[in-house]
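For reference, the structure is listed below as structure tokens.
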Amino acid sequence: MSATLPRHVAIIMDGNGRWAQQRGLARHAGHKAGIPAVRMCVEECVRRGIGALTLFAFSSENWRRPETEVSNLMTLFVDALEREVTDLHANGVRLAVIGDRHALSVRLQARVAEAEHHTAGNTRLRLQIAMSYGGRWDIVQAARKLAAAVASGALRTSDIDEARFAAGLALGELPDPDLFIRTGGEHRISNFLLWNLAYTELWFTDLLWPDFGVAAFESALACFAGRERRYGLTAAQQREADSA
Ligand code: FPP
């Protein structure tokens with residue numbers, strides 16, 4: 001694997017609504033048109049040996065969208081999971097949903113559980129779909145786990161460190177994303193993976209999500225390969241750390 005290839009890519013798939021509106025279509029048509037771009041990213045990660053991909057499909061805040069848009073999106077997720085799980089499995093993809101899954105419909109929760117179970121043994125690509133997910137929610141739920149462990153006497157406050165805290169987050173033992181991609185022209189994190197993006201390289205494009213194709217994905221990877229990552233060290237210190 002190339003040293004300049006990200007191990008983990010995280011994506012905010014923005015711009016579906018505008019893509020549809022530009023064509024005089026309902027917003028839902030834009031979400032549906034975004035599915036091939038999801039498939040492309042999964043295929044490219046598998047093909048290139050990128051081990052983890054995390055996609056922001058539905059945020060904690062998206063529940064406040066119009067009721068029909070929310071219910072259409074939930075139906076789209078159910079259908080997409082049903083349709084794609086066989087191909088995902090055949091390609092060695094292990095799927096997991098991160099987020100407050102109890103907020104999802106019972107039907108969607110069942111599809112998620114089936115898809116996770118079906119693909120649990122796969123190792124080529126770890127695919128996380130964030131649904132009803134928020135970075136602040138994630139930090140709070142991790143803090144609650146630690147608080148419960150302290151309250152029960154299983155953990156001392158002084159044992160809490162960054163590694164132990166991170167282990168309780170939704171991404172668990174996965175490496176932090178190396179590359180973050182956001183389509184749709186906005187330059188913000190929007191409550192995605194707040195803890196895990198601390199040292200992630202950020203890449204933004206004005207392309208709307210349904211228009212995000214292989215060439216754009218390649219541009220993001222090429223840009224990432226040219227970045228100097230220093231994690232707070234000097235360039236000389238980082239070179240030494242890289243060669244150790
Ligand atoms: C943001 O665009 C996109 C979403 C809220 C939904 C994204 C979902 C998909 C592409 C389907 C993925 C399905 C699976 C199973 C992974 P927006 O509506 O905020 O666009 P706008 O900014 O133009 O309004």
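Every number for a ligand or one of its atoms is a count from 1 in the order of the listing.
- Between Ile35 and ligand 1, no N or O atom pair is found at a separation short of 3.5 Å.
- As a member of the Ile/Leu/Val/Met/Phe/Trp/Tyr network built from side-chain separations under 4.5 Å, Tyr199 groups with Tyr231.
- Of the residues listed (Val93, Leu95, Asp87, Ile50), the one engaging Val42 in a side-chain contact (heavy atoms from CB on, under 4.5 Å) is Val93, and it is the only one.
- Ligand 1 has no nitrogen or oxygen under 3.5 angstrom from a nitrogen or oxygen of Met131.
- Nearest protein heavy-atom neighbour of atom 23 (O) of ligand 1: Arg18 N, 2.7 Å.
- In this structure the side chain of Val9 never reaches within 4.5 angstrom of the side chain of Phe180, judged on heavy atoms.
- Using a cutoff of 4.0 Å between basic side-chain nitrogens and carboxylate oxygens, Glu173 and Arg126 are scored as salt-bridged.
- Distances from ligand 1 to the non-hydrogen atoms of Gly184 include no value under 4.0 Å.
- Considering Phe192, Phe204, Trp209 as possible partners of Ile12, the one that fulfils the side-chain contact (heavy atoms from CB on, under 4.5 Å) test is Phe192.
- Within the 4.0 Å heavy-atom criterion, the part of Ile129 lying near ligand 1 is the side chain and not the backbone.
- For the pair Arg65 and ligand 1, the shortest N or O to N or O distance falls below 3.5 Å.
- Protein heavy atom closest to atom 6 (C) of ligand 1, with residue, atom name and distance, is Ala57 O, 3.3 Å.
- Residue contact check: Arg27 has heavy atoms under 4.0 Å from atoms 17 (P), 18 (O), 24 (O) of ligand 1.
- Close contacts between ligand 1 and Met13 involve ligand atoms 1 (C), 2 (O), 3 (C) [criterion: under 4.0 Å to a heavy atom].
- For Arg18 and Asp14, the salt-bridge test passes: some basic side-chain N is under 4.0 Å from an acidic carboxylate O.
- Heavy-atom separations between Phe58 and ligand 1 are all 4.0 Å or longer.
- In this structure, Trp203 has no ring pair (Phe, Tyr, Trp, His ring centres under 6.0 Å) partners at least two apart in sequence or on a different chain.
- Residue contacts with ligand 1, taken as heavy atom pairs separated by less than 4.0 Å, do not involve His28 at all.
- A salt bridge between Arg230 and Glu228 is present, with a side-chain N of the basic residue lying under 4.0 Å from a carboxylate O of the acidic one.
- Between Asp242 and Arg239 no salt bridge is recorded (no basic side-chain N to carboxylate O distance below 4.0 Å).
- Atom 14 (C) of ligand 1 has as its closest protein heavy atom Phe77 CD2, 4.1 Å.
- By the 3.5 Å distance cut-off applied to N or O atoms, Asp14 is counted among the residues near ligand 1.
- In terms of protein heavy atoms, atom 7 (C) of ligand 1 is closest to Asn16 ND2, 3.4 Å.
- A cation-pi arrangement, defined by a distance under 6.0 Å to the six-membered ring centre and an angle within 45 degrees of its axis, is absent between Arg65 and Trp63.
- Not a single heavy atom of Glu84 sits under 4.0 Å from any atom of ligand 1.
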